[in-house]
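What you see below is based on every heavy atom in this structure, not just the backbone, and it leaves out hydrogens, waters and symmetry mates.
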Amino acid sequence: MQPKSYRVFKWVIYALATLFLCGLQEMFFCHIRVLGLTPFLYPVLPAVVAMFEGPRQGAVFALALGVLCDLLVPAPFRGFFAILFPVIASLSGGIAGRLLSRGFLCALIVSSLGMLASGAFRMLVQILSGGQYLGLMARISLGETLLTLPALLLVLPLYRTIFRRCTADY
């Protein structure tokens, strides 16, 4: 069991790394355009953290990130990310804990599922609001997923280092 101050320190480091990655999203990734699509890093972050920390702690992290994203990132409705990210984290933590060992393959799978869940949730909101263009939305979701996954090469080593360094002593 880690001392309480050490756990707080670990989550502060996770928060700083996440703010760094959010800054990269807003200053760098949003300017990358491939066929009119841009990478969307936010759903990958709770998926990877939950892969390392488990579904419960990952969901708390995801809720905090979701509230931050709801305040800063355009979404179909307020609370969109606060609902979506804990679901992604719970699924990712469960997959990493029960089905796959933590590593690149697991991160690739849970990140893909997180991105596709984000697209599916947007489509559900569109269906419930009587919208159209579901085929287009599905193609956008798939394209966004494929465009975002290379960023995993930056996200995974950063979060893996935090996880290993902050749990190695205990």
Do [X] and [Y] belong to the same hydrophobic cluster, where Ile, Leu, Val, Met, Phe, Trp and Tyr are linked whenever their side-chain heavy atoms lie under 4.5 Å apart, directly or via other members?
{"X": "Val87", "Y": "Leu45", "answer": "no"}
{"X": "Leu146", "Y": "Val44", "answer": "no"}
{"X": "Leu153", "Y": "Leu147", "answer": "yes"}
{"X": "Ile83", "Y": "Val60", "answer": "no"}
{"X": "Phe40", "Y": "Val34", "answer": "yes"}

If we ignore hydrogens and angles and just use 3.5 Å, is the side chain of [X] paired with the main-chain N or O of [Y] as donor and acceptor?
{"X": "Arg102", "Y": "Met51", "value": "yes"}
{"X": "Ser141", "Y": "Met137", "value": "no"}
{"X": "Asp70", "Y": "Phe81", "value": "yes"}

State, with a plain yes or no, whether a side-chain heavy atom of [X] is found less than 4.5 Å away from one of [Y].
{"X": "Ile109", "Y": "Leu99", "answer": "no"}
{"X": "Trp11", "Y": "Val49", "answer": "yes"}
{"X": "Phe20", "Y": "Leu158", "answer": "yes"}

Which heavy atom of [X] sits nearest a heavy atom of [Y], and at what distance?
{"X": "Pro39", "Y": "Thr148", "answer": "CA-OG1, 3.4 Å"}
{"X": "Phe61", "Y": "Pro46", "answer": "CE2-CA, 4.1 Å"}
{"X": "Pro76", "Y": "Arg122", "answer": "CG-CG, 4.3 Å"}
{"X": "Ala50", "Y": "Ser92", "answer": "CB-CB, 4.2 Å"}

Exercise. Start with the C-alpha distance between Tyr42 and Leu84, add both sets of side-chain angles, then the distance that settles side-chain contact (heavy atoms from CB on, under 4.5 Å), and finish with yes or no.
Key: CA-CA 11 Å; Tyr42 297 115; Leu84 175 66; over 6 Å; no
Quiz item: Of the options Ile95, Ile88, Leu91, which is the one that meets Leu113 in a side-chain contact (heavy atoms from CB on, under 4.5 Å)?
Solution: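 Among the candidates, only Ile95 passes.
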Quiz item: Cys69 pairs by side-chain contact (heavy atoms from CB on, under 4.5 Å) with which of Leu71, Leu72, Leu65?
Solution: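 Between Cys69 and the candidates, side-chain contact (heavy atoms from CB on, under 4.5 Å) is satisfied uniquely by Leu65.
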Kindly compute the distance separating [atom1] ([X]) from [atom2] ([Y]), expressed to the nearest 0.5 Å.
{"X": "Ile162", "Y": "Arg160", "atom1": "CD1", "atom2": "CZ", "value": "12.0 Å"}
{"X": "Leu116", "Y": "Glu144", "atom1": "CG", "atom2": "CD", "value": "10.0 Å"}
{"X": "Cys22", "Y": "Leu41", "atom1": "SG", "atom2": "CG", "value": "7.5 Å"}
{"X": "Leu35", "Y": "Ile140", "atom1": "CG", "atom2": "CD1", "value": "11.5 Å"}
{"X": "Phe52", "Y": "Cys106", "atom1": "CZ", "atom2": "SG", "value": "8.5 Å"}

Quiz item: Relative to the ring of Tyr159, is the ring of Tyr14 parallel (under 30°), tilted (30 to 60°) or perpendicular (over 60°)?
Solution: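 Judged by the thresholds at 30° and 60°, the geometry between Tyr14 and Tyr159 is tilted.
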Quiz item: Checking side-chain contact (heavy atoms from CB on, under 4.5 Å) for the pair Leu68/Leu19: CA distance, chi angles, key distance, verdict?
Solution: CA-CA 10 Å; Leu68 178 69; Leu19 288 175; 4.2 Å; yes
Quiz item: So with a 6.0 Å cut-off around CG of Leu136, is the heavy-atom count from everything else above 12?
Solution: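 Yes, the 6.0 Å shell around CG holds more than 12 heavy atoms from other groups.
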Exercise. Tell me, please, which residues at least two apart from Leu149 pass side-chain contact (heavy atoms from CB on, under 4.5 Å).
Key: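 Applying side-chain contact (heavy atoms from CB on, under 4.5 Å) to Leu149 gives Leu108, Ser111, Ser112, Thr145.
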Exercise. Determine, stepwise, if the pair Thr38 / Phe29 fulfils side-chain contact (heavy atoms from CB on, under 4.5 Å).
Key: CA-CA 7 Å; Thr38 60; Phe29 289 125; over 6 Å; no
Quiz item: Looking at residues at least two apart in the chain, or sitting in another chain, which of them share a side-chain hydrogen bond (donor to acceptor under 3.5 Å, both in side chains) with Gln25?
Solution: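 side-chain hydrogen bond (donor to acceptor under 3.5 Å, both in side chains) list for Gln25, sorted by chain: empty.
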